[in-house]
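Please read the structure below before turning to the comments.
Please read all numbers here as calculations on a predicted model, not as lab measurements. Every chain is numbered from 1, with letters handed out A, B, ... down the list of sequences.
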Amino acid sequence: MTDTAPRPDRTIPDRPSLEGLEAAWDGVWSEQKLYAFDRETTRAQVFSIDTPPPTASGSLHVGHVFGYSQADMIARYQRMRGKNVFYPLGWDDNGLPTERRVQNYYGVRCDPSLPYEPDFTPPQEGGDNKSAKAANQQPISRRNFIELCLELTRIDEAAFEEVFRTVGLSVDWAYGYQTIDDRSRATSQRAFLENLAAGQAYQSEAPTMWDVTYRTAVAQAEQEDRDREGAYHRIGFTRTDGSGEQVYIETTRPELLAACVSLVAHPDDERYQHLFGTTVTSPLFGVEVPVNPHPLAQAYKGAGIAMICTFGDSTDVIWWRELDLPTRSVIGRDGRFLPEAPWIATAGGQERYAELAGLTVFSAQKRVVEMLRESGDLVGEPSKISHPVKFYENGDKPLEYVTSRQWYLTNGGRDQSEDGLRAELIARGRELTWHPAHMESRYRNWVEGLSGDWLISRQRFFGVPFPVWYGVDEHGETDYAQVLTPPVEALPIDPTIDVPEGFTEAQRGEPGGFVADPDILDTWATSSLTPQLAGGWNGDEDLFGKVFPMDLRPQGHDIIRTWLFSTIVRSHLQQDALPWHHASINGWILDPDRKKMSKSKGNVVTPIGLLQQHGSDGVRYWAGRARQGVDTAFDEGQMKIGRRLAIKVLNASKFALGFGEAPADPAGRLAADPALVTDPLDRALLARLADVVDQATAAFEDMDYARALEVVEPFFWAFCDDYIELVKERAHGNSASGEAGAASARAALAIALEVQLRLFAPVIVFATEEVWSWWREGSVHTQPWPTAEGLREASAGQDAALLDAVAQAAIAVRRIKSDAKVSQKTPVLAVQVLAPQAAVAHLEAAAADLTALGRIEALTLTADEGEGIRTADVELGEPPVKQPRNQG
RNA sequence: GGGUCGUUAGCUCAGCUGGUCAGAGCGUCUGGUUUACACCCAGAAGGUCGGGGGUUCGAGCCCCUCACGACCCACCA
């Protein structure tokens, strides 16, 4: 982007161009604080938008530009409607993506046991995402690590803001926030403490899904299935009744054999009736386990009888809980086998387990299979299958179950009652107005499918710490039941640095003292509070009262289950209200081959490159043509069309204004005096434009920017290609109607142009502003949205169909010359135009303009019953002599 | 397995409560330097609206069904 200064002289350039408009107008807008929210306001005057805070780790994706542009169109429309638009934009920078980027960028990793180094210099800068070899990363203290996180997010966020400014987002940057800044941390911690006091947040020691790479628990919303190769291993257990009977199970997780706590089959399964209530002994490890019936066991899956391990999958957890089975964990938090398995009673079993201790899951599986082969307990060869396995969405290794103490927030996931929290949250979804409406079903689907409360603690470093300590008893044991909390005024706090009231730092970790909760909150636990963060819930009650609940949440459909849902949960718990009235869901960007555009590809096609090549208006046009919720092809062709439209706006405006400025409307409602518009054609134009205004307004009221654009754009092209061409000669004064006819055309041109600039302004933001500056005061973006009323009055009841009749006649005449393959400048010595009676009347009223356009010397209009408007009895003149252009 | 959306010209898509709804742009083809615009202009060709049933005087539009595509959820022995 060049740093072109805004054109100060407000004159029409000889050759209007889009180049440099972005930088010029962004400069003017930010200098004038054009999009600033006015604090002196009432809630009724406000239109507030809860904008997605982008994750500022890495580069912006084309999809960002797409979705944010669409929201901006709605914001701009509302502003022109006279709303005081509250349109902040924050950054979501407190999570794992930032940690990972910092690790790769600086070549470091966090080791909380290390001391802080004040003058630390990272080993590298600007590493990419591929160089992530943990072994090569320098361990640094948590504080050093967080400092690097803050530094890098500052750099990334500045770059993002530059892109968003170039795109022309009418964001009020003064209300920005970072989800890691002091205010956000305080807000997030306060909300948590209130949830705690209300019994909505609680801790529980339970098996949870665990990512062994990041060494943290992950929530249901962050998990995804991936197809992985696996194999069924058929393994025999021996009955302990001395019969020697073998019971065969099939498992894809043979390495968990040592963690087996029971076998299970369906209670009605005839094959296993005799086993229920008896015990069997596991191969290799010789552990005696019961055989239990449970309805979740499926008779036709695998062998019909399964081994329950602690823990292989979610069903294991259910069985373990409902059958009250012991816990025999073998996998540690690092994903490696634990050193001890004290429940293994046999010497051989212990010997074998010792071989597994310390191995990764992958290696342990190989070793166990070898052992089973050697012992003869593996029946046949493992049969390969492909099956879905749960992964953390940012992880590379399958999730494992690890038992740990975690914090949870109620979200209806454990509530099956008819009128409980889950039902309330589903009702909230119904209460919300969705654009498009069918997106509500995704939300309902997700809420209905929740299987547990929201796990909000993460064993990570860069995030909002849990603002709690725990008491330490006289034996030095942590008493998790004794939760110590800070007062709200003290927030934000870091319990690993700050000390609870009534204690001293010396008592940290000491008997009778306290310890900090070492965890941080799930990033969604903070970003679910964006309405509260942006709206000033914690500390700016006045603002909060004016913007909450917000009017609009724009976002992608991929994060309905995370961001949208969690935001509703928080507002429901905190404010007992919906966080917003409307949710506008944008689609995804698809590759031309209809696949979701991949990260890599999206980064190859950088937003900045597209903005430079097609102009921000061109890119915004592409976004504006896409309807809400509809996945959209990445189509540079559409951007080219948008660019052409923006250029056309400049050129057509230049031309329409070149006839001379028309006298102003004394009433001040229109760009020119409507009393001057006397010609039927001019009046028909304004009548048609009034209809367009009505349709565009109705569409925007429904937040359907795409439909509005779809109505305005064709009108504009017809305005250029037909109307302007028709009135050219008359506007120059070269018509029998003389000065009155010319004045009528000029006034109509000025009025129509000005109204169209305002209609286009939400989408084509730069070209419209540029043209506006040539001849009007202020910014087009703070003008009132046009209304049809004045246009209808100016049209004085003229039937808009006149415009269609003349346009069709013009096409018929042009076709004569196209078919004859001669220049449109070729005179028509004589022509008869045949049309229905009503059209003939219209054509008579505009005959002078029509003959001027077609260079017709003798026009005859004839009414007949034929189809449409046609020509007959044509007599063409000599084509003009070709003359070289631009000579002299 | 449950759910949602989609299938309209070569491409990208409109078509709102069933009655000029068979459309637009791009692309293609044929022409034109028409002094606002070659970052242009004019004109033309192109589709039995995924298949099959049904309702109706009348159906891209409503109902049923099948096929294909996409996504969400569930399944993970």
Side-chain angles (χ1 to χ4, degrees), chain A residues 12 14-18 225 227-228 230 232-233 249-253 256 263-265 297-298 301-309 312-316 385 387-390 398 436 438-446 448-451 557-558 560-561 587-588 590 592 594-596 615 618 622 625-627 629-633 635 637-638 640-641 643-648 650-658 695 698-699 702 704 706-707 710 713-714 717 720-721 724-725 728 810-811 813-826 853 855 879-880 882-886:
Chain A
I12 305 177
D14 287 340
R15 290 188 65 81
S17 146
L18 297 177
D225 288 341
D227 275 321
R228 278 292 175 278
Y232 279 125
H233 300 74
I249 59 104
E250 289 185 10
T251 179
T252 56
R253 304 281 314 258
L256 291 179
L263 298 192
V264 65
Q298 294 175 37
K301 195 161 191 171
I305 187 164
M307 71 170 179
I308 304 173
C309 304
D313 61 37
S314 60
T315 325
D316 278 347
I385 56 157
H387 64 154
V389 177
K390 279 258 183 279
H438 68 80
M439 287 295 172
E440 189 211 336
S441 64
R442 296 205 181 205
Y443 169 87
R444 195 179 348 101
N445 212 242
W446 171 252
E448 285 171 349
L450 286 171
S451 61
H557 55 58
D558 49 330
I560 289 175
R561 69 174 188 173
W588 270 341
L590 305 176
R594 309 260 67 187
K595 293 277 190 287
K596 188 194 174 188
W622 163 68
R625 290 294 305 215
R627 297 187 126 65
V630 179
D631 293 346
T632 301
D635 187 356
Q638 289 293 319
K640 283 183 187 144
I641 296 163
R643 179 182 173 80
R644 252 181 31 178
L645 172 62
I647 291 169
K648 192 76 172 179
L650 296 178
N651 282 317
S653 301
K654 178 192 168 194
F655 188 61
L657 296 171
Q695 291 169 42
D702 197 28
D704 193 347
R707 183 162 184 79
E710 195 176 276
E713 188 191 1
W717 282 104
C720 292
D721 296 340
I724 290 183
E725 293 298 328
K728 244 182 195 173
I811 288 172
V813 173
R814 285 164 177 159
R815 183 161 39 218
I816 296 167
K817 300 178 191 178
S818 272
D819 289 349
K821 305 196 176 197
V822 296
S823 160
Q824 292 292 330
K825 272 165 82 176
T826 308
L853 172 78
R855 294 172 201 248
K882 289 188 182 182
Q883 287 186 347
R885 200 183 177 185
N886 294 337

- Could you tell me the separation between the CE atom of A:M439 and the C1' atom of B:C73, rounded to a whole number of Å? 15 Å
- Message: Using whole Å, what does the distance between atom P of nucleotide B:C40 and atom CG of A:D721 come to?
- Response: 11 Å
- Item | Opposite nucleotide pairing with B:C71, Watson-Crick or G-U, both atom distances under 3.5 Å | B:G3
- Message: By the rule that syn is within 90° of 0, classify the base conformation of B:G54 as syn or anti.
- Response: anti
- Query: Do A:D631 and A:H557 come within less than 4.5 Å of each other through their side chains, counting heavy atoms only?
  - Reply: yes
- Answer for the Watson-Crick or wobble partner of B:U28, both distances under 3.5 Å, is B:A44
- Query: Paired with B:U17: which nucleotide, if any, by Watson-Crick or G-U wobble criteria at under 3.5 Å for both distances?
  - Reply: none
- Item | Euclidean distance, atom CG of residue A:D558 to atom P of B:C72 [Å, nearest integer] | 9 Å
- Message: Within the structure provided, determine whether A:T251 and A:L256 are in side-chain contact (heavy-atom separation under 4.5 Å).
- Response: no
- Task: Please tell me which of the listed nucleotides, B:G15, B:C72, B:A70, lies nearest to the side chain of A:R442?
- Result: B:C72
- Message: Is any side-chain heavy atom of A:E710 closer than 4.5 Å to one of A:R707?
- Response: yes
- Query: Under 4.0 Å between a side-chain N/O of A:K654 and OP1 or OP2 of B:A36, yes or no?
  - Reply: no
- Item | Watson-Crick/G-U partner (both atom distances under 3.5 Å) of B:U35 | none
- Contact class for A:R15 vs. all strands (heavy atom < 4.0 Å): base, sugar-phosphate, or nothing? sugar-phosphate
- Is the distance from OP1 or OP2 of B:U30 to the nearest side-chain N or O of A:R815 less than 4.0 Å? no
- NA contact type, A:R253, heavy-atom cut-off 4.0 Å: base, sugar-phosphate, or nothing? nothing
- Query: When you compare B:C62 with B:C49, how far apart are their C1' atoms, in angstrom units rounded to a whole number?
  - Reply: 16 Å
- Message: Distance check, P atoms only: B:C13 and B:U8, in whole angstrom units.
- Response: 10 Å
- Item | Touch class at under 4.0 angstrom, heavy-atom based, for A:S653 against every strand present | nothing
- Minimum-distance nucleotide to A:K728 side chain [options: B:A36, B:C75, B:G43]: B:A36
- Mind checking A:L650 for me? I need base, sugar-phosphate or nothing, with any heavy atom below 4.0 Å counting as a touch. nothing
- Could you please name the partner base of B:C62, counting Watson-Crick and G-U wobble pairs only when both distances are under 3.5 Å? B:G54
- d(CG, A:L645; P, B:A24) in whole Å: 18 Å
- Closest listed nucleotide, where the reference is the side chain of A:Q638 and the choices are B:U12, B:C72, B:A36: B:U12
- With respect to the side chain of A:N445, which nucleotide from B:G43, B:A36, B:G2 is positioned closest? B:G2
- Item | Same-atom distance (P) from B:C75 to B:U7, integer angstrom | 32 Å
- Using a cut-off of strictly less than 4.0 Å, decide whether A:R644 has a side-chain nitrogen or oxygen near OP1 or OP2 of B:C40. yes
- If you take all heavy atoms of A:D721 and A:R814, which pair is closest and at what distance? O-NH2, 3.1 Å
- Task: Could you check whether A:W622 gets within reach of a base, just the sugar-phosphate, or nothing at all, counting any heavy atom under 4.0 Å?
- Result: nothing
- P gap between B:C71 and B:C64, integer Å: 25 Å
- Note on the structure: Side-chain atoms of A:S818 come closest, of B:A42, B:A70, B:A14, to B:A42
- Query: Any side-chain heavy atom of A:D704 within less than 4.5 Å of one from A:R627?
  - Reply: yes
- Message: Closest approach to the side chain of A:S823, judged atom by atom: which nucleotide of B:A36, B:U34, B:C75 is it?
- Response: B:U34
- With sugar-phosphate meaning primed atoms plus P, OP1 and OP2, does A:E725 contact a base, only sugar-phosphate, or nothing at under 4.0 Å between heavy atoms? base
- Side chain of A:R561: nearest nucleotide among B:C75, B:U12, B:C73? B:C73
- Please work out if A:A297 contacts a base, only the sugar-phosphate, or nothing of the nucleic acid, heavy-atom cut-off 4.0 Å. base
- Message: Would you measure the distance from the P atom in B:A67 across to the matching atom in B:U48 and give it in whole Å?
- Response: 25 Å
- Message: Of the options B:U12, B:A70, B:G15, whose atoms approach the side-chain atoms of A:D635 most closely?
- Response: B:U12
- Query: B:C5, B:G25, B:C40: which one has an atom nearest the side-chain heavy atoms of A:I641?
  - Reply: B:G25
- Query: Within the structure, does a side-chain N or O atom of A:K648 lie under 4.0 Å from either OP1 or OP2 of B:C41?
  - Reply: yes
- Task: Please report, rounded to the nearest Å, how far the C1' atom of B:A74 is from the NZ atom of A:K301.
- Result: 11 Å
- Query: Looking across every strand, which nucleic acid part, if any, lies under 4.0 Å from A:E710 by heavy atom: base, sugar-phosphate, or nothing?
  - Reply: sugar-phosphate
- Message: Counting the atoms with a prime plus P, OP1 and OP2 as sugar-phosphate, which does A:Q298 contact under 4.0 Å by heavy atoms, base, sugar-phosphate, or nothing?
- Response: base
- Query: Rounding to a whole Å, what distance do you find between A:W588:CH2 and B:G6:C1'?
  - Reply: 15 Å
- Message: Taking only the P atom of each, what is the distance from B:C16 to B:G31 in whole angstrom?
- Response: 39 Å
- Message: Rounded to whole Å, please give me the gap between CD in A:Q824 and C1' in B:U35.
- Response: 17 Å
- Using atom CZ of A:R643 as one end and atom P of B:A38 as the other, report the distance to the nearest whole Å. 13 Å
- Looking across every strand, which nucleic acid part, if any, lies under 4.0 Å from A:K640 by heavy atom: base, sugar-phosphate, or nothing? nothing
- Message: Among B:C16, B:C5, B:U12, which nucleotide has an atom closest to any side-chain atom of A:A633?
- Response: B:U12
- More than 12 heavy atoms from other groups under 6.0 Å of NZ on A:K654: yes
- Message: Any base atoms under 4.0 Å from A:C309, or only sugar-phosphate, or nothing? Heavy atoms, all strands.
- Response: nothing
- Query: Quick one: on RNA chain B, does A:A652 or A:H233 contact a more 5' nucleotide (nearest heavy atom)?
  - Reply: A:A652
- Query: Should B:G23 be called syn or anti, with syn set as within 90° of 0?
  - Reply: anti
- Task: Quick one: label A:K825 by what it contacts on the DNA or RNA (base, sugar-phosphate, nothing), any heavy atom closer than 4.0 Å.
- Result: sugar-phosphate
- Does some side-chain heavy atom of A:P16 sit less than 4.5 Å from a side-chain heavy atom of A:N651? yes
